[in-house]
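Below: the structure, in structure tokens.
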Amino acid sequence: MYTQAMDLAPQDERLALQATGDAEREARFEAHVAAGGWVEPKDWMPDHYRRTLVRQISQHAHSEIVGMLPEGNWVTRAPTLERKTILLAKIQDEAGHGLYLYAAAETLGTSRDEMLAALHSGQAKYSSIFNYPTLTWADIGTIGWLVDGAAIMNQVPLTRCSYAPYARAMVRVCREESFHQRQGFSSLLTMMKDGTGEQRAMVQDAVDRWWWPCLMMFGPPDGQSVHGAQSARWGIKRVSNDELRQKFVDACVQQAEVLGVTLPDPDLKWNDARGHWDFGAIDWSEFWRVVGGHGPCNRERLAARVKAWDDGAWVREAALAHAQKQAARAAKTLEAA
Ligand code: BYC
């Protein structure tokens with residue numbers, strides 16, 4: 001199986017661990033992650049830790065792949081050749097992120113086919129944010145500024161996730177997400193500074209529509225987060241859903257000022273005592289509706305992924321046939337030698 005493992009524990013340490021019982025292994029594992037230790041694919045780990053990671057990493061991979069769809073909608077309509085090239089590069093990056101993440105999840109013993117089957121049957125989740133439509137060109141800039149901005153906020157702490165292959169994948173992903181966020185901001189700034197009144201209104205409308213769904217990206221409030229506390233104990237999540245959401249709001253207020261757009265929240269107010277921006281109530285019923293499959297584009301997104309998978313069957317078959325031919329040829333050469 002493909003592995004991203006690099007810094008495996010010394011062999012005597014591994015053998016000692018294999019000789020111990022489950023309870024003792026678990027205690028050692030807990031102490032290891034509590035002390036900030038990394039976990040590599042071949043290390044012993046509790047089943048629940050493995051399952052949590054497969055769930056989170058595969059959902060993350062699916063989000064990257066499904067996340068290409070709302071942007072793909074604008075490739076043929078980008079306003080300039082430069083913007084089109086940037087958009088194509090960004091979408092290609094998202095495909096790459098999906099692949100690093102599927103590879104990281106595979107190191108936990110779940111095959112890519114199993115993960116994709118779970119996505120295509122509607123069993124696996126992907127980020128709620130990609131179930132919203134991209135109605136105008138300003139949506140593309142807003143996705144870069146806010147969606148990628150939220151993604152970076154969430155993903156930078158994941159570079160310190162206890163599961164090392166996930167953490168390593170996140171380093172490169174975060175660098176690329178930074179470029180994505182900046183290109184989005186730059187595209188909106190151009191429209192706000194050099195654009196017509198109509199273009200400025202288009203930006204404001206896009207920000208109005210994306211702001212609240214972006215705050216939902218961080219997941220339910222900490223009190224309702226099913227996995228949050230356990231994932232924090234295991235060093236999978238280093239910062240809670242609510243803390244990340246707050247950091248995101250704090251960062252966006254200033255950026256919105258520079259852009260000259262208004263964030264659609266009348267309750268947004270600086271709180272001196274907290275040292276943070278207070279913000280209004282999030283409509284969690286909308287979040288759960290979207291997560292439950294009833295957002296504006298859930299059906300369309302899933303149908304597009306299933307179609308791409310079905311249409312690609314001949315490529316997978318041809319690649320497999322080619323690999324079998326190569327293997328047979330290599331075996332023959334070996335026999336002859
Ligand atoms: N959407 O216990 P909780 C990108 C689910 S890609 C849907 O707090 P956890 C980009 C959650 O799965 C962005 N479902 O969960 C790509 C759980 O349900 P299950 C993707 C959500 O895992 C292309 C339940 O709610 N980023 O930015 O501790 C172009 C309870 O939640 C959502 C990642 O995936 C949601 N927003 O915390 C542009 C980052 N939130 O699984 C940009 C990695 C929660 O029990 N993932 N749920 O059925 C994480 O950091 C965590 O998984 C989350 C949730 C913070 C998302």
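Both ligands and their constituent atoms are indexed starting at 1 by order of listing. For this chain, numbers begin at 1 and follow the sequence in order.
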In ligand 1, which numbered atoms sit nearer than 4.0 Å to a non-hydrogen atom of [X]?
X	result
F218	55 (C)
M216	36 (N)
W288	25 (O)
R55	12 (O), 22 (O), 41 (O)
Y166	43 (C)
S127	1 (N), 36 (N)
D148	38 (C), 42 (C)

Does any N or O of ligand 1 fall below 3.5 Å from an N or O anywhere on [X], backbone included?
X	value
Q59	yes
S63	no
Q224	no
N154	yes
G67	no
M217	yes
K125	yes
H227	yes

Q: For side-chain contact (heavy atoms from CB on, under 4.5 Å), just list the numbers for H97 and Y102, CA-CA rounded to whole Å, side-chain angles, deciding distance to a tenth of an Å, and then say yes or no.
A: CA-CA 9 Å; H97 298 175; Y102 284 128; over 6 Å; no
So, [X] versus [Y]: side-chain donor-acceptor pair below 3.5 Å or not?
X	Y	value
H48	Q230	no
E286	W212	no
T107	Y166	no
Q155	H60	yes
H276	N271	no
E82	T85	no
S285	D283	yes
S240	E243	yes
Q183	R83	no

List the closest protein heavy-atom neighbour of [atom]: residue, atom name, distance to the nearest 0.1 Å.
atom	value
atom 49 (C) of ligand 1	Q56 NE2, 3.5 Å
atom 28 (O) of ligand 1	K237 NZ, 2.6 Å
atom 4 (C) of ligand 1	F130 CZ, 3.8 Å
atom 8 (O) of ligand 1	S225 OG, 2.7 Å
atom 27 (O) of ligand 1	A151 CB, 2.9 Å
atom 7 (C) of ligand 1	Y126 O, 3.4 Å
atom 32 (C) of ligand 1	F287 CZ, 3.6 Å
atom 1 (N) of ligand 1	S128 N, 2.8 Å

Q: Mind checking whether N241 contacts ligand 1 via backbone (N, CA, C, O), side chain (CB onward), both or neither, at a 4.0 Å heavy-atom cut-off?
A: side chain
Q | Residue pairs passing the salt bridge (charged side-chain N to carboxylate O under 4.0 Å, His left out) test where at least one lies in residues 201-210, sequence neighbours excluded | A | D139-R209, D205-R209
Q) Given G219, C161, P70, which has its nearest heavy atom closest to atom 40 (N) of ligand 1? A) G219
Q | Shortest heavy-atom approach to atom 44 (C) of ligand 1 - which of P220, S58, G184, G144 | A | P220
**Q.** Contacts of T142 that satisfy side chain to side chain contact (heavy atoms under 4.5 Å, CB included) - sequence neighbours left out
**A.** L146, L188, A206, V207, W210
Q | Salt-bridge criterion met for K247 and D250 (N-O under 4.0 Å) | A | no
Q: Using a strict cut-off of less than 4.0 Å between a Lys/Arg side-chain nitrogen and an Asp/Glu carboxylate oxygen, indicate whether D93 and K90 qualify as a salt bridge.
A: no
Q: Answer yes or no for S231: is there a heavy-atom contact with ligand 1 below 4.0 Å?
A: no
Q) Looking only at heavy atoms, what is the nearest atom pair of T134 and I140, with distance? A) CG2-CD1, 4.1 Å
